Amino acid sequence: MAFGSGECLPEVLARLLEPDPKVQVTALSELSELVGHQNSVYEATAPVALYVAGILAHPAAMTLRPYRNVPIRATLLNWLISTAYDASDETVDRTKQYFPGFLTPGTIVAAFRDLRPMLYRAVMPFLQDSHEDVREAAVIAALILAEHPALAAT
């Protein structure tokens, strides 16, 4: 976690499913600060990413963001994009030159990268979503997540 012990994370994650879009947007903002601060992958990143991927199909994810007429689902996908990019091949290759043990098996980053096929499968249904912003975010997320060797044949 970027700030604190993570005790507030369950409450922040629960607010992503609130019917009030302002509450959802605030929770997303907090989530970005708590788990995505300074583009780092934290111990909480993997479980939070799995949770976010798991709620993509929840009806609350179709709540429209205030003033933007964009489903919260697009914002959730954008959060996954940002998080996946922080552990992408490009980012890891750049980081490894300064921190050689960065991707050693068992590290937080390696564990998160191992989840890419599961996250990819969660994103796939939204590649043909009826909302353009959701489709676009799903395509970008899928492209980044597809770097995993297990997805090379798909």
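Sequence positions, counted from 1, serve as the residue numbers for this chain. Just so you know, these numbers come straight off a predicted model, no measurement behind them.
Under the side-chain hydrogen bond (donor to acceptor under 3.5 Å, both in side chains) criterion, no residue pair touches residues 133-144, with sequence neighbours excluded. Every pair tested for salt bridge (Lys or Arg N to Asp or Glu O under 4.0 Å) that includes a residue from residues 53-72 fails, sequence neighbours excluded, so the list is empty. For residues 44-55, the set of pairs meeting the salt bridge (Lys or Arg N to Asp or Glu O under 4.0 Å) definition, not counting sequence neighbours, is empty.
Counting heavy atoms from C-beta outward, Gln24 and Asp20 have side chains that stay 4.5 Å or more apart. By the 4.5 Å heavy-atom criterion applied to side chains, Ile81 and Ile144 are counted as neighbours.
Tracing side-chain contacts under 4.5 Å through hydrophobic residues (I, L, V, M, F, W, Y), one reaches Ile108 starting from Val52; they form part of the same cluster. Transitive grouping of hydrophobic side chains (ILVMFWY, heavy atoms separated by less than 4.5 Å) keeps Met62 and Phe126 in distinct clusters. Transitive grouping of hydrophobic side chains (ILVMFWY, heavy atoms separated by less than 4.5 Å) brings Leu151 and Met118 into a common cluster.
Legend: residues meeting side chain to side chain contact (heavy atoms under 4.5 Å, CB included) with Ala49, ordered by chain and number and at least two apart, are Trp79, Leu80, Phe112, Leu119. For Arg113, the side-chain hydrogen bond (donor to acceptor under 3.5 Å, both in side chains) partners at least two apart in sequence or on another chain are Asp89. With sequence neighbours excluded, the residues satisfying side chain to side chain contact (heavy atoms under 4.5 Å, CB included) with Leu143 are Val139. Applying the side-chain hydrogen bond (donor to acceptor under 3.5 Å, both in side chains) rule to Glu30 yields the partners Arg15; only residues at least two apart in sequence or on another chain are considered. Applying the side-chain hydrogen bond (donor to acceptor under 3.5 Å, both in side chains) criterion to Arg94, with sequence neighbours excluded, gives Glu90. With sequence neighbours left out, the side chain to side chain contact (heavy atoms under 4.5 Å, CB included) criterion links Leu17 to Tyr51, Ile55, His58, Ala60. Residues satisfying the side-chain hydrogen bond (donor to acceptor under 3.5 Å, both in side chains) test with Thr63, not counting sequence neighbours, are none. Residues satisfying the salt bridge (Lys or Arg N to Asp or Glu O under 4.0 Å) test with Glu132, not counting sequence neighbours, are none. Checked against side chain to side chain contact (heavy atoms under 4.5 Å, CB included), Pro66 has the following partners two or more places apart in sequence or in another chain: Pro21, Lys22, Val25.
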Self-check item: Worked check of side-chain contact (heavy atoms from CB on, under 4.5 Å) between Val35 and Thr83
Solution: CA-CA 9 Å; Val35 184; Thr83 305; 5.9 Å; no
Quiz prompt | Check against side-chain contact (heavy atoms from CB on, under 4.5 Å), Val123 and Leu77 | solution = CA-CA 8 Å; Val123 167; Leu77 285 162; 3.9 Å; yes
Quiz item: Ile72 and Leu28: side-chain contact (heavy atoms from CB on, under 4.5 Å), yes or no, with the steps?
Solution: CA-CA 9 Å; Ile72 291 291; Leu28 278 162; 4.1 Å; yes
Exercise. Begin with the C-alpha distance, continue with both residues' side-chain angles, and end with the deciding distance and a verdict on side-chain hydrogen bond (donor to acceptor under 3.5 Å, both in side chains) for Ser29 and Ser32.
Key: CA-CA 5 Å; Ser29 177; Ser32 293; over 6 Å; no
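Closest approach of Glu43 to Pro47, counting heavy atoms only: O-CD, 3.5 Å. Across all non-hydrogen atoms, the minimal contact from Ala142 to Leu127 is CB-CD2, 4.1 Å. For Ala122 against Leu56, the heavy-atom pair with the smallest separation is O-CD1, 3.8 Å. The two residues Ala61 and Leu76 come nearest to each other via the heavy atoms CB-CD1, 4.1 Å. Across all their heavy atoms, Leu34 and Cys8 have their closest contact at CD1-SG, 3.7 Å.
Counting only distance, with no hydrogens or angles, the side chain of Ser82 and the backbone of Asn78 share no donor-acceptor pair below 3.5 Å.
For the atom pair Glu147 CD and Tyr85 OH, the distance stands at 9.5 Å (nearest 0.5 Å).
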